[in-house]
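Each ligand, and each atom within it, is numbered from 1 in the order the structure gives. This is a predicted model, so every value here is computed, not measured. We count residues from 1, following the sequence as given.
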Amino acid sequence: MAMTGVLRPGHAQLRVLNLEEGVRHYRDVLGMVETGRDAQGRVYLKCWDERDHNSLILREADSAGIDFFAFKVLDKATLDDFDEKLRAYGLETARIPAGELLETGERVRFEIPTGHQIELYAEKTAVGNGLQVLNPPPWTPASEKGVAPVRLDHCLLYGPNVEEVQKIFTEVLGFYLVERVLTPDGDGNAAIWLSCSHKVHDIAFVEHAEPGKLHHLSFMLETWEEVLRAGDILSMNKVPLDIGPTRHGVTRGCTIYAWDPSGNRFETFMGGYQPYPDYEPTTWTFEGLGVGGGLDYPQRKLHETFLTVVS
Ligand code: M3P
Ligand code: FE
């Protein structure tokens, strides 16, 4: 499909209880590349195959969770256009100057009704993926270090008013609904998976009373063998696993959910399918999330932590 408007998830800023412990987890166990530290003490990382300067920013704080999640848009004109459309829709936006995040251009930030801060930006320094662009090899030693996901792929956020958030993402930002889980009474959506691309989701939401919560940040691998290898590496490093390795019925992703040292859940996954905006969204009943295998297709059970543990 033509790629205009919102291109992809670009960065997430995560709160960790102990910075160096967080760095050890994301850099040494997950295998991300540390690309910088700023005057506030924040640490910047990227996955090996990402080309822009950073996709994960760690900030030490008293509580775990997510400060903001950002999408890269096509160019400056697109950024200005979205800013105008968000305001016309009735949302307040703020402009955060270029350079407030290292190697990152001006950002447009707004709060959505689930209580999350979402950002758009058009510019971030391209530092490359360690491969030359002329006749490159397929991988480098950096791509074999730790779990070594290729990119930050999506996040799942928990908060109230998911119906309003769906409208903002679909009517203003150009996303489309790929899958959903109905509420127990079948009247509304308990969960939605939204795409701005050809991916099965770029962001997802679950209806939840408490605003602004993070369910997981997700990192993409390319094969099922790599997901199993991730399970080995996480276990060798005593990283607590939540679910998996298994397959979600929802999105068909093959997955592991686990917790970082601060209690932020992260996912390493592969697969899914390639949806288009004209596809009819796949619908799961609330019961189907559990016994229908939506969450865990082989086991067909609703792991209790899925609905209760967030950061
Ligand atoms: C993902 C994913 C559920 C599926 C979640 C899906 C809640 O996290 O990456 O595909 O059933
Ligand atoms: Fe996920």
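Residue Leu289 has at least one heavy-atom neighbour below 4.0 Å for each of these atoms of ligand 1: 11 (O). Taking every heavy atom of His154 and a limit of under 4.0 angstrom, the matching atoms of ligand 1 come to 2 (C), 9 (O). Remark: ligand 1 atoms within the under-4.0 Å shell around heavy atoms of Glu267 are 1 (C), 2 (C), 8 (O), 9 (O). Applying the 4.0 Å criterion to heavy atoms of Phe306 picks out, from ligand 1, the atoms 7 (C). Annotation for ligand 1: atoms under 4.0 Å from non-hydrogen atoms of His201 are 1 (C), 2 (C), 9 (O), 10 (O).
At a heavy-atom distance under 4.0 Å, atoms from both the backbone and the side chain of Leu295 approach ligand 1.
Under 3.5 Å, the side chains of Thr78 and Asp75 contain a donor-acceptor pair of N or O atoms. Judged by distance alone, the side chains of Gln13 and Arg42 do bring a donor and an acceptor atom under 3.5 Å apart.
In the displayed structure, Glu92 atom CD is contacted under 6.0 Å by at most 12 heavy atoms of other residues, nucleotides or ligands. Crowding of Asp62 atom CG: a count of heavy atoms from other residues, nucleotides or ligands under 6.0 Å not exceeding 12. A 6.0 Å sphere centred on CD of Glu287 holds no more than 12 heavy atoms belonging to other residues, nucleotides or ligands. Summarising the local packing, CD of Glu144 is surrounded by more than 12 heavy atoms from other residues, nucleotides or ligands at distances under 6.0 Å.
With the Fe ion (ligand 2) as the vertex, NE2 (His154) and OE1 (Glu267) define an angle of 90°, rounded to 10°.
Residue-ligand proximity: Thr255 is placed with every non-hydrogen atom at 4.0 Å or more from ligand 1. Within the structure, the closest approach of Ser218 to ligand 1 does not fall below 4.0 Å when heavy atoms are considered. Within the 4.0 Å heavy-atom shell around ligand 1 one does not find His215. Heavy-atom distances between His216 and ligand 1 reach below 4.0 Å in at least one pair.
Scanning for ring-ring contact (aromatic ring centres under 6.0 Å, His included) contacts around His248 gives Tyr257, with sequence neighbours left out.
The aromatic rings of Tyr26 and Phe219 lie tilted to each other, with the angle between the two planes from 30° to 60°.
Scanning His248, Met220, Met270, Glu179 for the heavy atom closest to atom 1 (C) of ligand 1 points to His248. Checking Trp284, Phe269, Tyr257, Tyr297 against atom 8 (O) of ligand 1, the nearest heavy atom belongs to Tyr257.
Ligand 1 has an N or O atom lying under 3.5 Å from an N or O atom of Gly294, backbone or side chain.
Nearest protein heavy-atom contact of atom 10 (O) of ligand 1 is Thr251 OG1, 2.4 Å.
A salt bridge links Arg95 to Asp83: at least one charged side-chain nitrogen sits closer than 4.0 Å to a carboxylate oxygen. In summary, Asp49 and Arg151 do not engage in a salt bridge, as defined by a charged side-chain N under 4.0 Å from a carboxylate O.
Residue contact annotation: His216 places an N/O/S atom under 2.8 Å from the Fe ion (ligand 2).
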